[in-house]
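Naming convention: chains lettered A, B, ... in sequence-line order (proteins, then strands); numbering from 1 in each chain.
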Amino acid sequence: MYPPRSLPAGAKVTRLGPSPTGFIHLGNLYGAFADERLAHQSGGVFILRIEDTDNKREVEGAVETIISSLDYFGVHFDEGAVVEGDKGSYGPYRQRQRAEIYQTFAKLLIQRGQAYPCFCTEAELSEIHEAQAALKENFGYYGKWAKHRDLSLQEIRDRLDLGAPFVVRLRSQGDPARYFSIEDGIRGTLSMPENNQDVVLLKADGIPTYHFAHVIDDHLMRITHILRGEEWLSTLPFHVEIFKTLGWEHPVFCHTTVLMKMDDGAKRKLSKRKDPELGLDYYRGLGYHPAAVREYLLTVLNSNYEEWRLANPGADIEGFRFTTDKMGSSGALFDLDKLSDVSKDVLAAMTAEEVCDFLLGWARAYKPEASEVMDARRDDLLKILAIGRGGENPRKDLIYAAQIFEFIQFFFDEYFRMEDEYPDNVSPEDRKALLKDYLAGYDAGDDAQVWFDKVRQLAMDHGFAAKPKDYKKNPEAFKGHVGDVSAVLRVALSGRRNSPDLWEIQQIMGPDRVKARIQAGIQSTAQ
RNA sequence: GGCCCGGUGGUCAAGCGGUUAAGACACGGCCCUUUCAAGGCUGUAACACGGGUUCGAUUCCCGUCCGGGUCACCA
């Protein structure tokens, strides 16, 4: 049972240990990517272990949510909990199902005198806490405050006979006046006081605390690297002592930084309640591509990743050597701007088909009406998404699905609306005249060059410069330049000042739609 | 409050005793351009503070300040 694993030298075994609260957040994903890379690039194993020792927090169906959310973002496990049951031979992988294992070790520790039952009630515990507060001593159950640490066998037996509920505590041998140092995979050498807290190992219901459970599991499952948030740093002394008490070597601890956010000029931890962007659903709902989220998180995760990516665009992630010592140890601010920038690059590198499939997949789940409209004109949609794609300098207009839809929705009459104003340096009279003449001269058969020459001619006919340079040289001589004329056409056709190439969008719209919209533009200018 | 971790431009960050203190995002300017985007060039902007150690500190040590974490029969 639980033999050492036969893996190549240097292989790392990592695990993600979410508790099944049904809420999986960016921090989990951040850690999961690191765990995944560490394991897989070393030929190791990546495990999913469900840390369900707190039944109060458990939410129905949470395991499934965890697995599917992570799967969506490309995190796959080699071993561990699956929706129904387990995969792998170091299980079970749900801690509640491992109760007997923990209890066995707890018994062993009690036999050896390294742990003891404690019958303190909640009221007694809070009395201790208050007394400590009054005396300004450290809080906790330790040393002279640990009332039940030295109960005689008889006293224990009496209480047991009464059926008194009890927990099992570690009989700590540490002395906080002594310091020990430990190598953290991310932070280097850490110096901490020894633990002297008689921490709870087994709760009254016989289920272990996180502290006890993870030590046993990580040892038995032959975990080599424990990646976890820095909120665990302060409990590290317990954990080290528990490993030591059990006579086991501890894995390499790697404490990651917490994700922060800027709020009213102050940094603070991303909070589940206040920050929707902490939840993974936020990104999925908005339609950030999983590859973009991964790419972004990787840049935050490893300080040299971004540089590598710049040097190796399009290279497979396997080519990047991920290391814990390149992970940051100061609070990283979550930066949506940066995510968007990364996302633009990721989407620009994809084919129109890929973007199209992704967009439609998103729409089916989050915007069903729109998905029908787009499905009905899938060929056009593909052409729309192909505009400016590929080549040396692809356009980078697209960020996330909801935004993409916003960006292209003017193609669909169902969603077409005037979002931007006409340029105000073109008078309504000129605008109307320009649109009328444009309509009169419009020929869907014109190629891009012919079409553009016509626009230039149109500009000149109405007192606009054919080239911006001409206008710049001599602003008094013109009402504006051809760019202003284009802007008028663009607004009439797309309802906005910013769109992909005008000629191309007209080709996709088709002559009827083009004419109708120009006509509508003329009408709306009438009054 | 105790303990722990951290503090380089607005943000993310290289840097590990001697550097003109990288780079990316954001922001400004210019060029290109029928708009926007992209691209090219370019600009503004940083070592929290005070003491040491040292020939020399952003880098090492101490203190202060600031930020964060943690002090549960939650993880």
Inset, instruction - Just call it for Pro394(A): base, sugar-phosphate, or nothing, with non-hydrogen atoms closer than 4.0 Å on any strand. - result: sugar-phosphate
Inset, instruction - Quote, to the nearest angstrom, the C1' distance that separates rC30(B) from rG7(B). - result: 37 Å
Inset, instruction - Please work out whether the ring planes of Phe322(A) and Phe320(A) are parallel, tilted or perpendicular, with thresholds of 30° and 60°. - result: perpendicular
Inset, instruction - Check step by step if side chain to side chain contact (heavy atoms under 4.5 Å, CB included) holds for Phe253(A) and Arg228(A). - result: CA-CA 8 Å; Phe253(A) 289 97; Arg228(A) 41 146 66 152; 3.5 Å; yes
Inset, instruction - State which of rG2(B), rA75(B), rA26(B) makes the closest approach to the side chain of Asp337(A). - result: rA26(B)
Legend entry - His239(A) and Trp232(A) aromatic ring geometry - parallel, tilted or perpendicular at 30°/60° bounds: tilted
Inset, instruction - Take Thr299(A) and Leu502(A), find for each the nucleotide of RNA chain B with the closest heavy atom, and name the residue whose nucleotide sits nearer the 5' end. - result: Thr299(A)
Inset, instruction - Output the single nucleotide from rC71(B), rU70(B), rU34(B) whose closest atom is nearest the side chain of Asp501(A). - result: rU34(B)
Legend entry - Lys479(A)/Asp484(A) ion pair, N-O < 4.0 Å: no
Inset, instruction - Answer with base, sugar-phosphate or nothing: what part of the nucleic acid does Gly483(A) contact at a heavy-atom distance below 4.0 Å? - result: sugar-phosphate
Inset, instruction - Output yes when Glu58(A) and Arg94(A) qualify as a salt bridge under the 4.0 Å nitrogen-oxygen rule, no when they do not. - result: no
Inset, instruction - Using a heavy-atom cut-off of under 4.0 Å over every strand shown, decide if Cys118(A) touches base, sugar-phosphate, or nothing. - result: nothing
Inset, instruction - For rG67(B) and rA72(B), measure between their C1' atoms and round to the nearest Å. - result: 25 Å
Inset, instruction - May I ask you to say what Tyr141(A) touches in the nucleic acid, namely base, sugar-phosphate or nothing, with a heavy-atom cut-off under 4.0 Å? - result: nothing
Legend entry - Under 3.5 Å donor-acceptor pair, Arg57(A) side-chain atoms to rC74(B) base atoms: yes
Legend entry - Aromatic ring proximity Phe478(A)/His481(A), centre distance under 6.0 Å: no
Legend entry - Lys147(A)/Glu127(A) ion pair, N-O < 4.0 Å: no
Inset, instruction - Please work out if Trp503(A) contacts a base, only the sugar-phosphate, or nothing of the nucleic acid, heavy-atom cut-off 4.0 Å. - result: nothing
Legend entry - rG9(B) to rA22(B) separation - P atoms, rounded to the nearest Å: 14 Å
Inset, instruction - Apply side-chain contact (heavy atoms from CB on, under 4.5 Å) to Ala131(A) and list each qualifying residue two or more places apart in sequence or on a separate chain. - result: Trp145(A)
Legend entry - Is_stacked (Phe452(A), rU34(B)) at 5.5 Å, 30 deg: yes
Legend entry - Presence of donor-acceptor pair under 3.5 Å, side chain of Arg490(A) and base of rU35(B): yes
Inset, instruction - Select base, sugar-phosphate, or nothing to describe what Arg456(A) touches, counting heavy atoms under 4.0 Å on all strands. - result: sugar-phosphate
Inset, instruction - Examine the base of rU34(B) for any acceptor or donor lying under 3.5 Å from a partner atom in the side chain of Ser486(A), and report the outcome as yes or no. - result: yes
Legend entry - Closest to the Asp54(A) side chain, choosing from rA37(B), rA75(B), rC73(B): rA75(B)
Inset, instruction - Measure distances between side-chain N and O atoms of Arg395(A) and base N and O atoms of rC36(B), and say whether any donor-acceptor pair falls under 3.5 Å. - result: yes
Legend entry - Strand RNA chain B as a dot-bracket string - pairs counted if Watson-Crick or G-U with both distances under 3.5 Å, | where the partner lies in another strand: ((((((((.[[[..)..(....]]].(((((.......)))))....[[[[[..)....]]]]])))))))....
Legend entry - Nearest to side-chain heavy atoms of Pro193(A), which nucleotide of rA22(B), rC3(B), rC25(B): rC3(B)
